[in-house]
Q: 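Below is a structure I'd like to ask you about.
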Amino acid sequence: MISLFLWVIYPYLALCIMVVGLLFRYNYGQLHWGAPSTELLEKKTLRVGSLLFHWGIIFAFIGHVMGILIPRSVYDYFGVTEALYHFNAILFGGIVGVITWVGLLVLIFRKIYFKRVRKKAGLSDFATLVSLLIIVTLGTSMTIGYNVMVEPYEYRNTIGPWFRGILTFRPNPLLMVGVPLLFQIHVILSFALFALIPFTKLVHFWTLPARYPARAPLQYRSRVNYRKE
Ligand code: HEM
């Protein structure tokens, strides 16, 4: 019963909250859809934290697609051995995990340290950053902790097919039963984060990348430069 709840009912519940919540917010709260910039309040630390976090998470996302969405049989077909796969996953996953983690720490430090940024931040901003920090800390310790100190865990036989089963409406909870606890908690908290998305700035994940590169740049000019012109 617990397995059925954790690995079938709970993930679908979280995904339902995400989809319905996003549709509702898109229809009724579009003015607040996005991640309002706080660049005007503090720029230097934001630049460091935001760049580290966003580049890190983009590559971690690509890593998840490669390890979770692409079946192991594809790697076997192209002759990628288990050892070669895990060597690369640990090396590159470890690097992007640490980059994302450091970026998050910088962003959290900025939210707390700079008074103007702190005053503007709401509960949902802190909840987002802290839940991201917990999930990324767990993910990175799986990649460079568990895999190196215990054994390279073959999640392509368990978490991968289970996750694809969720997406294709053929869930098999038994695949998740023997998975190490660290990995299980990472997945459970990730689904909690998915359910949280509609209530936070993370909504920008679903729309921002499409138009962002082509839109006109916003100019933040210092008063000194402004007077000169
Ligand atoms: C249900 C969705 C998710 C699943 C099934 C999943 C699964 C995994 C697995 C199996 C690993 C270990 C990779 C390895 O050992 O080589 C991992 C690592 C990691 N995860 Fe997730 N994850 C999910 C969601 C997330 C989310 C939402 C985030 C961040 C917001 C995240 C961030 C990370 C990071 C930073 C790492 C370490 C770097 C890497 O190996 O890519 N994961 N995840």
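Note that the numbering runs from 1 along the sequence shown for the chain.
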Q: What pairs with Phe59 under side-chain contact (heavy atoms from CB on, under 4.5 Å), at least two apart in sequence or on another chain?
A: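 side-chain contact (heavy atoms from CB on, under 4.5 Å) list for Phe59, sorted by chain: Trp55, Ile62, Val96.
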Q: Using a distance-only test with no angle check, is there a side-chain donor-acceptor pair under 3.5 angstrom linking Arg116 and Thr38?
A: no
Q: Would you say Tyr75 and Leu84 make side-chain contact, with heavy atoms under 4.5 Å?
A: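 The answer is no; the side chains never approach within 4.5 Å.
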Q: Tell me whether Glu82 is salt-bridged to Arg156, with the criterion being a basic N under 4.0 Å from an acidic carboxylate O.
A: no
Q: Where does the angle between the aromatic ring planes of Phe183 and Tyr146 fall among parallel (under 30°), tilted (30 to 60°) and perpendicular (over 60°)?
A: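 If you compare the ring of Phe183 with that of Tyr146, the planes turn out perpendicular.
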Q: If hydrophobic clusters are built by linking Ile, Leu, Val, Met, Phe, Trp and Tyr wherever their side-chain heavy atoms come under 4.5 Å apart, do Leu193 and Phe126 end up in the same one?
A: yes
Q: Excluding sequence neighbours, so at least two apart, what forms side-chain contact (heavy atoms from CB on, under 4.5 Å) with Arg25?
A: His32, Trp33, Val203
Q: Hey, what do you get for CG (Leu123) to OG1 (Thr200), rounding to the nearest 0.5 Å?
A: 11.5 Å
Q: Among the clusters formed by ILVMFWY side chains lying less than 4.5 Å apart, do Val20 and Phe191 turn up in the same one?
A: no
Q: So which of Leu182, Ile188, Val187 actually passes side-chain contact (heavy atoms from CB on, under 4.5 Å) with Leu138?
A: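 Running side-chain contact (heavy atoms from CB on, under 4.5 Å) over Leu182, Ile188, Val187 with Leu138 returns exactly one hit, Leu182.
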Q: Taking the side chain as C-beta and beyond, is there a heavy-atom pair between Tyr26 and Trp206 under 4.5 Å?
A: no
Q: For Phe109, which fellow cluster members are found when Ile, Leu, Val, Met, Phe, Trp and Tyr are connected by side-chain heavy-atom distances below 4.5 angstrom, either directly or through intermediates?
A: Leu41, Tyr113, Phe114, Val117
Q: For Arg164, check salt bridge (Lys or Arg N to Asp or Glu O under 4.0 Å) against everything at least two apart and list the hits.
A: none
Q: Using links of under 4.5 Å between side-chain heavy atoms of ILVMFWY residues, direct or through other members, which residues join Tyr28 in one cluster?
A: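 Traced through the cluster, Tyr28 reaches Phe24.
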Q: Does Leu189 share a hydrophobic cluster with Met176, counting links as ILVMFWY side-chain heavy atoms below 4.5 Å and allowing steps through other members?
A: yes
Q: Could you check whether any side-chain heavy atom of Thr81 comes within less than 4.5 Å of a side-chain heavy atom of Tyr85, counting everything from C-beta outward?
A: no
Q: In chain order, what residues pass the side-chain contact (heavy atoms from CB on, under 4.5 Å) check against Val177, with sequence neighbours excluded?
A: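 Applying side-chain contact (heavy atoms from CB on, under 4.5 Å) to Val177 gives Ser3, Leu174.
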Q: Around atom CZ of Arg118, are there more than 12 heavy atoms of other residues, nucleotides or ligands at under 6.0 Å?
A: yes
Q: Side chains of Tyr153 and Thr158: do they bring a donor and an acceptor to under 3.5 Å?
A: yes
